[in-house]
Amino acid sequence: MHAVILLQALPKTKNQWQQDFENARFISILSDGSTDKSVQEQEIVYVRYVDASGHVCTKLADIVALDHGHSQDIKAGISKGLETVRMTEEVISNKLIGIDTDGASVNMGSKSGAVKLIIDNVKTYKGNAYQNYITH
């Protein structure tokens, strides 16, 4: 019963999050990979932002199953996670200030890492997103 109520409320919650992202001054993406016991690669994606009241908010966007642990698949997984919470390319282009990952070269590579691929994919990206490491 509780799961049904939660699932019915989810679209409204995602619409509110979309509004929050659009109203935020800056956003940051946090991401980390894992392998479950069935040896399925996964990427967990969070969005962090400061809301209109000045509170720092962190939202779980999604846990996305990946085909492989390559940078292209990680980038696609992060993008899918952001689409889940209706994060638009316009918001990313105008408000992205940081991408936090675990520091693995597949994420942080300066030529073909997942972070580089995300930034290159945002056509109107105006700034320099910092890259940071999530400690786990």
Side-chain angles (χ1 to χ4, degrees):
M1 178 67 174
H2 296 281
V4 172
I5 293 170
L6 179 62
L7 290 173
Q8 290 173 345
L10 198 54
K12 183 176 181 182
T13 301
K14 288 182 180 179
N15 287 336
Q16 181 59 51
W17 290 357
Q18 183 179 11
Q19 284 294 105
D20 290 348
F21 301 149
E22 290 171 0
N23 293 332
R25 187 168 177 194
F26 303 112
I27 62 159
S28 179
I29 300 167
L30 295 83
S31 178
D32 194 18
S34 70
T35 305
D36 70 8
K37 76 179 196 177
S38 69
V39 195
Q40 170 69 54
E41 292 281 337
Q42 300 176 52
E43 197 71 17
I44 188 165
V45 183
Y46 294 93
V47 177
R48 179 170 283 172
Y49 62 97
V50 178
D51 71 10
S53 302
H55 298 104
V56 176
C57 303
T58 305
K59 305 292 185 190
L60 171 64
D62 205 352
I63 301 173
V64 181
L66 306 177
D67 292 331
H68 303 283
H70 307 300
S71 59
Q72 287 284 353
D73 286 345
I74 293 170
K75 180 238 172 214
I78 293 170
S79 296
K80 182 177 179 185
L82 297 175
E83 289 169 9
T84 300
V85 292
R86 299 187 176 105
M87 176 73 65
T88 65
E89 187 174 307
E90 179 182 359
V91 169
I92 295 169
S93 296
N94 293 322
K95 300 181 182 206
L96 181 66
I97 61 164
I99 302 175
D100 296 296
T101 66
D102 63 2
S105 60
V106 70
N107 293 320
M108 305 303 288
S110 62
K111 294 183 180 178
S112 61
V115 171
K116 173 82 165 110
L117 296 174
I118 291 167
I119 292 171
D120 287 349
N121 190 56
V122 180
K123 297 169 187 64
T124 59
Y125 181 66
K126 297 180 177 86
N128 291 321
Y130 70 86
Q131 298 178 12
N132 200 13
Y133 305 126
I134 296 175
T135 305
H136 54 87

When Val64, Leu60, Ile78, Leu30 are each screened for side chain to side chain contact (heavy atoms under 4.5 Å, CB included) with Ile44, the one that passes is Leu60
Closest non-hydrogen contact found for Glu41 with His68 is CG-C, 4.2 Å
How far apart are the closest heavy atoms of Gln40 and Ala65, and which atoms are they?
NE2-CB, 3.7 Å
Please identify each residue that fulfils side-chain contact (heavy atoms from CB on, under 4.5 Å) with Val106, with sequence neighbours left out.
Ser71, Ile74, Ala104
What's the shortest heavy-atom distance between Thr84 and Ala61, and which atoms?
CG2-O, 3.6 Å
Could you state the interatomic distance from CD (Glu22) to CZ (Arg86), rounded to the nearest 0.5 Å?
11.0 Å
How far does CD of Glu83 sit from CD of Glu89, to the nearest 0.5 angstrom?
10.0 Å
From Asn107 atom CG to Leu117 atom CG, the distance as rounded to the nearest 0.5 Å
10.0 Å
Hydrophobic cluster membership, Leu82 vs Tyr49, 4.5 Å side-chain cutoff
yes
Measuring from Arg48:CZ to Ile27:CD1, what's the distance to the nearest 0.5 Å?
12.5 Å
Begin with the C-alpha distance, continue with both residues' side-chain angles, and end with the deciding distance and a verdict on side chain to side chain donor-acceptor pair (under 3.5 Å) for Gln19 and Asn15.
CA-CA 6 Å; Gln19 284 294 105; Asn15 287 336; over 6 Å; no
Which residues end up grouped with Val56 if you chain together Ile, Leu, Val, Met, Phe, Trp and Tyr wherever their side-chain heavy atoms are less than 4.5 Å apart?
Val50
In Å, rounded to the nearest 0.5 Å, how long is the span from CG of Asp20 to CD of Gln18?
10.0 Å
Any Phe21 side-chain heavy atom under 4.5 Å of Val85 side chain:
yes
ring-ring contact (aromatic ring centres under 6.0 Å, His included) partners of His55, counting only residues at least two apart:
none
Output yes when a side-chain donor or acceptor of Lys59 lies under 3.5 Å from a complementary backbone atom of Trp17, and no otherwise.
no
Quick check for you: to the nearest 0.5 Å, what is the distance between Thr101 atom OG1 and Ile29 atom CD1?
11.0 Å
